[in-house]
Amino acid sequence: MIEMDEAFFDRVYDQVRAVPSGTVCTYGTIARLAGYEGASREVGVAMSRVQSAWNLPCHRIVNAKGTLAPSYAFGGKDRQRHVLEDEGVTFIDDDTIDMDKHVWPLSERPRQMSLFD
DNA sequence: ACGTTGACTCCTA
DNA sequence: CTAGGAGCCAACG
């Protein structure tokens with residue numbers, strides 16, 4: 001059977017669950033993998049509706065710049081950073097993830113593909 | 001059914 | 001580096 005109405009949220013959450021520990025994923029990537037490319041903003045809305053009991057690793061979802069979610073999420077950026085660091089994610093700043101090392105999946109990296117770099 | 005809104009992204013100055 | 005604006009898509013009142 002096919003989910004129809006809540007397909008968007010369900011697919012988004014399913015993709016969030018698919019993000020491995022120690023990596024991070026951007027809203028845009030989640031949207032794309034869920035089949036809603038360009039709906040990055042809606043992914044953010046979906047995250048805001050996540051409840052703790054769902055066990056979604058929403059702390060692994062960050063924006064394209066690698067900065068953490070606003071303070072009102074996770075009870076503060078420090079909390080989110082701590083969780084990510086505990087999973088092995090490294091930061092270049094207190095609020096900025098070292099994206100090129102931890103973004104997932106590798107093939108979804110945002111326009112950084114220099115073949116000869 | 002239309003207009004607003006949002007844990008976004010990209011481009012320009 | 002920061003600031004502002006436009007584009008994008010789905011949910012909500």
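Chain naming here is simple, since letters A, B, ... match the order of the sequence lines and numbering starts at 1 in each. All heavy atoms count here, side chains included; hydrogens, waters and symmetry mates do not.
A residue-by-residue look at A:V45 and A:S40 shows that A:S40 has its nearest nucleotide of DNA chain C further toward the 5' end. In this structure, A:G38 and A:R49 both approach DNA chain C, and ranking their closest nucleotides by distance from the 5' end singles out A:G38.
Following rounding to the nearest Å, A:N63 (CG) and B:dC8 (P) show an atom-to-atom distance of 7 Å. Rounded to whole Å, atom P of B:dC8 lies 19 Å from atom CD of A:Q15. A:D95 places its CG atom 17 Å from the P atom of B:dA7, with the value rounded to the nearest Å. Going from atom CD of A:E42 over to atom C1' of C:dA10 covers 4 Å, rounded to whole Å. Distance CD1 (A:I30) to C1' (B:dT9): 15 Å, rounded to an integer number of Å. If you measure from atom CZ of A:F8 to atom P of C:dC12, you get 11 Å, rounded to the nearest angstrom.
Residues A:Y13 and A:A46 approach most closely at OH-O, 2.8 Å, considering heavy atoms.
For the atom pair CD1 of A:I97 and CZ of A:R60, the computed distance is 11.5 Å after rounding to the nearest 0.5 Å.
No hydrogens or angles were tested; on distance alone, a donor-acceptor pair under 3.5 Å links the side chain of A:R41 to the base of C:dG7.
Looking only at distances, no side-chain donor or acceptor of A:E87 sits under 3.5 Å from a matching main-chain atom of A:S21.
The side chain of A:T26 sits closest to B:dT9 out of C:dA10, B:dA7, B:dT9. Relative to the side chain of A:P70, the nucleotides B:dA7, B:dC10, C:dA11 differ in distance, and B:dA7 lies closest.
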Worked check of side-chain contact (heavy atoms from CB on, under 4.5 Å) between A:Y27 and A:R41:
CA-CA 7 Å; A:Y27 298 90; A:R41 310 194 55 172; over 6 Å; no
